[in-house]
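Throughout, a chain's letter reflects where its sequence line sits, starting with A, and its residues are numbered from 1.
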Protein chains: 2
Amino acid sequence: MNQKMSNIANELTKNNIKPSIHRMRILEYLMDKRDHPTVDEIYINLKKECPTLSKATVYNAVSLFVNVGLVKALTIEGTEVRYDYTKNNHGHFKGEQCGFICDFDININQMNFDGLDHCEILSKDVNFKGICSECLLNNKR
Amino acid sequence: MNQKMSNIANELTKNNIKPSIHRMRILEYLMDKRDHPTVDEIYINLKKECPTLSKATVYNAVSLFVNVGLVKALTIEGTEVRYDYTKNNHGHFKGEQCGFICDFDININQMNFDGLDHCEILSKDVNFKGICSECLLNNKR
DNA sequence: ATATAATATTGTAACGAATACAATTGATAG
DNA sequence: CTATCAATTGTATTCGTTACAATATTATAT
Ligand SMILES: [Mn+2]
Ligand SMILES: [Mn+2]
Ligand SMILES: [Zn+2]
Ligand SMILES: [Zn+2]
């Protein structure tokens, strides 16, 4: 097992998740491809290398990862759930024409708000929607 | 038709939606009950007064409302879509224990961010999650 | 007012993401 | 090797949503 994989194994063990082959592959995928994939996208792409992979295993794995806080489940629009391996807090922009989702920098904790006294806030999400630069160019032509 | 209902009819006509009885009732519901209901909640509650109402009509109506910008579709968590009749921009807090969703004041346009040059931003959503004050009290006991 | 056309509503079928679960496979320890 | 436990698989089921054809309602023309 190479260095990368043993790091991934460590990451899982630290969170009390046994590092099985499939779990490691799924976490590796999320670490490498930061394009906020759906379960289906993870499944289809990993299936090429692991033909025996089942979609249920992908659901199981990402649920485990979300529960321990290793990855975040994003619900930016509609009924589509996407997964994000990330340490630093950031905002998400979704281009509504092409569906592309990108990160952007925003200091979510600098924002001041009012009306949530006596609530315990555990997570803060900022989602923007609109038309991405690429689509804007295409639309002009 | 009373004053309230003719206002609702106006609101719809202004947006090129013909003010049918059901559409008016559904918009009225969203205006009165600002607790961000799901399609199912709208359907179940209105069904009491309009026994012939179909869930397809609720889906049709809220889709029309969302398309013209009369109401907003909220996707705060998971695959659950909720609807919000609102003019002023605000944030949403979801209590994860009880599922309760409330508004809070935040000046979304004051936030400064970076990395979305040349994108056209059409909407900005801020969603917080955590434990609501009521649940916090219950948990202590 | 009646016939005609257009639109809204309904009920149901189809779809797809997510979950549940029993059966199988794989790993671990004695 | 065998027994035990956990992970994975495949499938069935659930549930929210969409699609669509049939019906009811409303608007328009004669
Ligand atoms: Mn991200
Ligand atoms: Mn609201
Ligand atoms: Zn785009
Ligand atoms: Zn609560």
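- Proximity of B:T79 to the phosphate of D:dC15: no side-chain N or O atom is located under 4.0 Å from OP1 or OP2.
- Two different hydrophobic clusters hold B:I76 and B:L30 under the rule that ILVMFWY side chains link at heavy-atom gaps under 4.5 Å.
- Remark: C1' of D:dT26 and CZ of B:R23 are 12 Å apart, rounded to the nearest angstrom.
- In this model, the phosphate group of D:dT25 is not approached by any side-chain N or O of B:H22 to a distance below 4.0 Å at OP1 or OP2.
- Atom CD1 of B:I21 has 12 or fewer neighbouring heavy atoms from other residues, nucleotides or ligands inside a 6.0 Å radius.
- No hydrogens or angles considered: a donor-acceptor pair under 3.5 Å links the side chains of B:Y85 and B:E11.
- Spacing between atom CG of A:L12 and atom P of D:dA7 amounts to 11 Å, rounded to whole angstrom units.
- If you check residues 37-73 of chain A against DNA chain D, the residues with a heavy atom closer than 4.0 Å are A:T52, A:L53, A:S54, A:A56, A:T57, A:N60, listed by number.
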| Can you list the steps and then say if A:K55 with A:D40 is a salt bridge (Lys or Arg N to Asp or Glu O under 4.0 Å)? | CA-CA 8 Å; A:K55 204 183 277 192; A:D40 226 64; 2.5 Å; yes
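- Computed from coordinates, the B:E80 CD to C:dA17 P distance equals 19 Å when rounded to whole Å.
- With rounding to whole Å, A:R25 atom CZ is found 12 Å from D:dT9 atom P.
- Whole-Å rounding puts the A:K18 NZ to C:dG26 C1' distance at 12 Å.
- Residues B:F128 and A:F113 place their aromatic rings such that the two centres sit under 6.0 Å apart.
- With hydrogens and angles left out, the side-chain atoms of B:D125 and B:H92 include no donor and acceptor closer than 3.5 Å.
- Considering only side-chain N and O atoms, A:S20 lies nowhere under 4.0 angstrom from the phosphate OP1 or OP2 of C:dA27.
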